[in-house]
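See structure below.
On a predicted model such as this, the values are computed, not experimentally measured, just so you know. Chain A is the first sequence line, chain B the second, and so forth, proteins listed ahead of strands; every chain is numbered from 1.
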Amino acid sequence: MAETSSSLHSPAYVFLLRAGHRLRPLHQAHAHIIVSGLHRSRSLLTKLLSFACSAAATRRYTLLLLHSIPEPDSFLFSSIIRASSRSSSPSSSLLFYFLMLSLPVPPSNYTFTSVLKSCADLSASRTGISIHSHLLVHGFDQDSYVQTALLVFYAKCGDLVVARKVFDRMPERKVVAWNAMISGYEQNGIGEEAIELFHKMRDAGVLPDSATMVSLLSACAQVGALSLGQWVENYVMENGLELNVVLGTSLINMYARCGHVRKAREVFDMLPEHNVIAWTAMIAAYGMHGHGLEAMQLFDRMRSEGPLPNDVTFVAVLSACAHSGLVCEGREAFESMSRDYQLVPRVEHHVCMVDMYGRAGLLDEAMWFIRERIQAEPGAAVWTAMLGACKMHKDFDLGVEVAERLLTIEPENPSHYVLLSNIYALAGRMDRVEKVRNVMIRQRLKKQTGYSLIEIDNVPHVFRMGDTSHPQTMQIYNYLEELMHKIRNAGYMPETDSVLHELEEEEREYALRFHSEKLAIAFGLMNAGEDVVIRIVKNLRMCRDCHLAIKFMSVIACREIIVRDKHRFHHFKDGECSCKDYW
DNA sequence: GTAGGGTTAG
């Protein structure tokens with residue numbers, strides 16, 4: 001095919017560049033290329049095709065274009081595969097890849113990085129695994145770019161063991177490879193591993209960059225590692241890493257999830273630019289701390305001076321309303337979503353609405369919403385929210401009905417059984433409680449075990465219920481006994497409801513007194529400085545009894561106690577909780 | 001022309 005050096009200086013090329021990713025101008029540029037007699041220029045056609053792929057032009061058009069080119073080469077295929085892998089329909093790149101193989105045109109290392117990225121983004125695990133074997137056949141398994149793409153593919157598909165294998169076998173690990181592995185752990189909810197790998201990275205003498213810090217902060221947010229998060233902020237400042245909107249958002253999220261809403265807001269105000277993700281993160285931050293009014297104020301400001309809210313923003317807004325009892329505001333936001341922003345409510349939004357009505361005690365409204373406003377068959381998440389409401393407001397009949405429906409939808413989920421047995425217990429149906437427990441034992445369903453984490457002098461300590469592994473165990477239990485005695489004298493009465501059947505059989509003897517958050521608080525009161533706020537991170541929801549006990553503890557110990565549970569924050573102070581018992 | 005980064009319900 002004729003290639004003239006002039007084709008890249010031709011007016012047609014300028015025309016093409018100007019067209020960019022817009023479809024109609026691309027058609028015009030195509031016409032221009034033909035009219036100027038440059039339709040044999042491979043570089044121009046490659047560029048045109050790549051633009052067409054990024055524009056997610058109709059597949060018909062791109063295929064037509066492709067077929068009009070005689071003997072397309074490896075470079076051309078790699079270009080369009082890369083362009084499609086970054087477009088809104090990455091599956092096209094798989095199509096082009098298999099077309100390439102069938103011709104056959106030999107793939108290159110560039111081909112594999114792109115096509116693996118598509119598999120990762122599509123979670124196309126079977127296809128990705130077969131492509132793994134292709135790249136072995138073509139001898140690209142030692143290419144560090146291909147290896148990193150492969151690692152990311154396995155991590156995105158959730159196979160961290162294989163991802164780690166790829167990582168460990170890399171002869172040379174640059175910062176990008178470390179970042180990919182750290183991010184992989186974090187994205188899969190294994191924040192501890194992400195943090196551990198970060199320490200290994202430092203030991204290996206690899207200098208972290210901004211992307212490392214973003215993933216690391218997410219990991220800190222996940223596990224509640226405040227001191228490491230603060231270290232990261234320091235590092236960023238001292239090493240002159242630019243506080244851009246991505247890094248800033250990660251920092252906001254870390255502070256919010258580690259209990260420091262005010263610091264989160266400071267970072268938000270510091271950012272040079274605010275996109276929809278940064279706004280959403282800050283609204284969510286207020287929401288999870290029960291600061292519904294602040295969340296709504298910020299949302300109003302966003303509507304008047306910020307970017308357009310997206311569906312994630314509305315999840316944050318509705319959740320904030322739900323956790324603060326802002327029913328009218330929430331209802332209006334829900335309507336506004338489709339009316340003003342043409343956003344289609346998804347399951348998450350429905351769940352928030354049901355949760356919002358439910359928490360507020362408007363169980364009829366919640367049921368009405370499920371019946372009338374949800375088009376398809378409501379999923380398990382919606383019923384879980386409904387069940388939570390029944391439990392909170394002690395509507396046992398409805399609760400049992402809902403729980404049984406949940407079990408038919410997701411019979412393999414142990415937490416539904418726990419909820420159902422709780423509802424039966426609250427309703428006094430002990431016979432049913434035993435039945436449910438037996439089903440669980442027969443099916444070997446085990447509920448998650450709870451733990452609580454507290455940092456003292458930047459060192460994290462983890463406690464589990466009835467934990468005796470800590471070196472200070474004796475002192476902690478003695479201290480806790482004494483504390484429980486004091487709060488009983490102050491008027492605390494154990495909420496025995498909560499003892500029932502949240503526990504496995506052998507754990508019952510520990511009952512309520514030694515739930516992990518109580519152990520962590522006792523340990524914190526013993527070891528933290530006088531005026532230090534006690535901060536606990538718990539992986540499950542708190543039970544009613546702990547919630548009540550901690551209110552008393554905040555008075556007796558004269559201390560502010562902040563607990564993050566599975567869903568939100570509780571700030572205990574002077575005998576009250578910021579959630580206003582609204583959780 | 002190649003690999004890695006932030007927000008969301010229960």
Side-chain angles (χ1 to χ4, degrees), chain A residues 46-47 50 75-76 78-83 85-86 108-117 120 140 143-153 155-156 170 173-184 186-187 208-218 221 244-254 256-257 271 275-285 287-288 309-320 322-323 345-356 358-359 379-389 406 413 415-416 419 541 566-568:
Chain A
T46 301
K47 203 89 193 154
S50 304
F75 183 94
L76 186 145
S78 293
S79 299
I80 60 177
I81 289 171
R82 180 175 126 90
S85 75
R86 290 152 178 254
S108 72
N109 46 350
Y110 291 90
T111 317
F112 285 114
T113 52
S114 301
V115 81
L116 282 170
K117 178 180 160 47
F140 291 114
D143 182 293
S144 73
Y145 287 80
V146 173
Q147 287 168 332
T148 308
L150 197 57
L151 188 172
V152 170
F153 158 71
K156 287 241 168 87
M170 290 176 75
R173 285 183 284 268
K174 295 229 169 109
V175 60
V176 178
W178 286 93
N179 292 353
M181 196 66 236
I182 291 173
S183 160
E186 184 274 310
Q187 300 271 326
D209 65 8
S210 174
T212 321
M213 293 314 179
V214 171
S215 298
L216 183 58
L217 284 170
S218 295
N244 61 19
V245 66
V246 177
L247 187 52
T249 304
S250 206
L251 204 49
I252 290 171
N253 186 42
M254 183 281 292
R257 288 185 190 277
L271 291 185
N275 60 17
V276 59
I277 302 180
W279 283 95
T280 303
M282 195 60 229
I283 292 170
M288 70 180 86
N310 62 18
D311 52 343
V312 181
T313 315
F314 276 97
V315 174
V317 168
L318 295 176
S319 161
H323 284 278
R346 290 179 296 123
V347 194
E348 291 90 327
H349 304 100
H350 294 147
V351 171
C352 289
M353 290 302 284
V354 171
D355 188 40
M356 180 182 82
R359 281 172 196 277
V382 169
W383 291 119
T384 308
M386 191 63 222
L387 182 55
L406 252 176
N413 190 332
S415 59
H416 298 336
L419 281 172
R541 280 186 69 169
K566 193 173 184 193
H567 297 311
R568 60 166 296 156

Categorize A:D209 for me: base, sugar-phosphate, or nothing, with a 4.0 angstrom heavy-atom threshold over every strand shown. base
Please classify the nucleic acid contact of A:H350 as base, sugar-phosphate, or nothing, using heavy-atom distances under 4.0 Å. nothing
A:K174 NZ to B:dG5 P, straight-line distance once rounded to whole Å: 18 Å
Residue set satisfying salt bridge (Lys or Arg N to Asp or Glu O under 4.0 Å) with A:R346, at least two apart, ordered chain then number -> A:D311, A:E348
Quick one: A:M386 CE to B:dA9 C1', roughly how many Å, whole number? 16 Å
Which whole-number value in Å describes the distance from A:M170 CE to B:dT2 P? 17 Å
Is it the case that A:T111 and A:S78 place a side-chain donor and acceptor less than 3.5 Å from each other? yes
Using a cut-off of 4.0 Å on non-hydrogen atoms, how would the nucleic acid contact of A:V245 be classed: base, sugar-phosphate, or nothing? base
Between A:H567 and B:dT8, is there a side-chain N or O to OP1/OP2 distance below 4.0 Å? no
B:dG10 base to A:T384 side chain: any donor-acceptor pair below 3.5 Å? no
Base of B:dG1 and ring of A:Y110 stacked, centres under 5.5 Å, planes under 30°: yes
Indicate, with a heavy-atom threshold strictly under 4.0 Å, whether A:F112 touches base, sugar-phosphate, or nothing. nothing
Touch check for A:R257, heavy atoms < 4.0 angstrom, all strands: base, sugar-phosphate only, or nothing? sugar-phosphate
Regarding A:A381, tell me which of base, sugar-phosphate or nothing describes its non-hydrogen contacts under 4.0 Å with the strands shown. base
Nucleotide pairing, DNA chain B (Watson-Crick or G-U, distances under 3.5 Å), in dot-bracket with [ ] and |: ..........
Identify whether any heavy atom of A:S218 sits under 4.0 Å from a base atom; if not, whether one sits that close to sugar-phosphate; answer base, sugar-phosphate or nothing. sugar-phosphate
Should A:Q187 be listed as having a side-chain N or O under 4.0 Å from OP1 or OP2 of B:dG6? yes
Applying a 4.0 Å non-hydrogen cut-off, can you work out what A:N275 is touching in the nucleic acid: base, sugar-phosphate, or nothing? base
